[in-house]
Amino acid sequence: MKADQFQAPDYYNLDDLLSDEHKMVRDASREWVKREVSPIIEDAAQKAEFPKQLINGLAEIGAFGPYIPEEYGGAGLDQISYGLIMQEIERGDSGVRSTASVQSSLVMYPIFKYGTEEQKQKYLPKLASGEMIGCFGLTEPDHGSNPGGMTTHFKNEGEHYLLNGAKMWISNAPFADIAVVWAKNEEGRIHGLIVERGMEGFTTPETHNKWSLRASATGELVFNNVKVPKENLMPGKSGLGAPLGCLDSARYGIAWGAIGAAMDCYDTALRYAKEREQFGKPIASFQLQQKKLAEMITEITKAQLLAWRLGVLRNEGRATSAQISMAKRNNVNMAINIAREARQILGGMGITGEYSIMRHMMNLESVITYEGTHDIHLLITGNDITGIPAFQ
Ligand SMILES: Cc1cc2nc3c(=O)[nH]c(=O)nc-3n(C[C@H](O)[C@H](O)[C@H](O)COP(=O)(O)OP(=O)(O)OC[C@H]3O[C@@H](n4cnc5c(N)ncnc54)[C@H](O)[C@@H]3O)c2cc1C
């Protein structure tokens, strides 16, 4: 892969809206991605391996629990810093950002919000330092967009809960130490349980042959009469709203992350277009290529404004789930469109691993599907503005 020459576009001087701390956090993440991620990520993706050597660095830049309080090992940052870290990591690769998102928003967040003090003390510091990696089991083979239909269930056996069922498409599953699992009790109420690797009857087979998020490990969670200690149930919240609360936090991070992938594609295409000559001129001098580049920077700028405003609303505790849906949907769609256009600007070179664009493009096919599909987020907006749910 070519040396990382990334220069972040900031067409509307959005840096003026950031505090010194935001810029410091963002720049540290950016430098780390240039130094540690860019040189190795293409190889990891080609080999379909999660680069485990990045775990310590992710912890050091505060990517594991950016907004979790420092007393539990988190970085104690605000929502904009969290978003900027996700943006920079996804500038490197969506798969690496997925690991950070899952760890922070889908494992640490529920333990912090719904867990007992003992659970927080036991798990959060180790998750923040990367000593422990977690995964989040909501999706099932027959229940993706409709997780409320889940069939994974547990029953009270006096001394423990007995857990049965299966989860599918679970990021980090093949190597995770713990899984936050959503399952129904005997009354059909959804609860979160912390399942640890090594519990009898718990296996995590890996999902192979993905063309997308190849540098992220994906797998199943299979529960065959797993005896889960009673103290591993998170008592703070039950019902579908509990996992959805985690998804709000992760989707917000994705809205920023997608900007990173888009910026990398745009920056690569702009540089290439100015250097590559055809018909005796740089291809950047042709109107058709300028149209692509001009539209890209316009869309990136709009997405940056959306993410920044959403971050302010989240810092004030005012962001709604529907607002988060709009930003996730818009920004991921923006990024995937930019990746496709940028790929074309590079001509044949665009399909090789010499450049990051094709990897981003394929990664974004997962990002536009997970954490609520493009369609589902549109239905959430539709429901929000009309008051009429159109899911069924
Ligand atoms: C790489 C990867 C990693 C993932 N990681 C995780 C993870 O860590 N944890 C986890 O729990 N899940 C994870 N997921 C699962 C992901 O969240 C689901 O794939 C997603 O929610 C969609 O579910 P599905 O694949 O079953 O598709 P379906 O729900 O079967 O949807 C198929 C199509 O039908 C459309 N559709 C569905 N319902 C409606 C409707 N009511 N109206 C209109 N259209 C509809 C969808 O938009 C989609 O286009 C991951 C997925 C991938 C690909």
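All figures in this text were calculated on a predicted structure; none of them were measured in a lab. Start at 1 and go down the list; that is how both ligands and their atoms are numbered. FYI, side chains are in, hydrogens and waters are out, and symmetry mates aren't considered; it's all heavy atoms of this structure.
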Among [options], closest by any non-hydrogen atom to [atom]:
| atom | options | result |
| --- | --- | --- |
| atom 11 (O) of ligand 1 | L106, T139, I376, V107 | T139 |
| atom 26 (O) of ligand 1 | A176, G144, A390 | G144 |
| atom 5 (N) of ligand 1 | F391, F136, W169 | W169 |

Checking contacts here: is it the side chain or the backbone of [X] that comes within 4.0 Å of ligand 1, counting heavy atoms only? Could be both or neither.
| X | answer |
| --- | --- |
| L138 | both |
| K167 | neither |
| S171 | both |
| L379 | side chain |
| L213 | side chain |

Practice task
Quick one: do K155 and N164 satisfy side chain to side chain donor-acceptor pair (under 3.5 Å)? Show the steps, please.
Solution key: CA-CA 9 Å; K155 60 180 181 186; N164 277 287; over 6 Å; no
Problem - Test item: side-chain donor near acceptor, Y67 and S105, under 3.5 Å - result: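 Yes, because at least one side-chain N or O of Y67 sits under 3.5 Å from a partner of the opposite role on S105.
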Handout entry: Proximity of Y82 and Y252 rings by center, below 6.0 Å
Key =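 So the answer is yes for these two rings.
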Handout entry: Criterion ring pair (Phe, Tyr, Trp, His ring centres under 6.0 Å) on F223 and F154, from CA distance to verdict
Key = CA-CA 10 Å; F223 313 105; F154 63 96; over 10 Å; no
Problem - Nearest-0.5 Å distance that lies between atom CG in D15 and atom NZ in K23 - result: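 NZ of K23 is found 5.5 Å from CG of D15.
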Handout entry: Flag, side chain of E90 to backbone of W256, donor-acceptor distance under 3.5 Å
Key =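 No, the answer is negative, given that no donor and acceptor are paired below the 3.5 Å cut-off.
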Handout entry: N363 side-chain N/O to L213 backbone N/O, donor-acceptor pair under 3.5 Å
Key =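 Such a contact is found between N363 side chain and L213 backbone.
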Practice task
Please identify which atoms of ligand 1 are closer than 4.0 Å to at least one heavy atom of I170.
Solution key: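 Heavy-atom distances to I170 below 4.0 Å select 7 (C), 8 (O), 9 (N), 10 (C), 11 (O).
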Practice task
Return a yes/no value: protein heavy atom under 4.0 Å from atom 13 (C) of ligand 1?
Solution key: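 Flag for atom 13 (C) of ligand 1 set to true, protein heavy atom closer than 4.0 Å.
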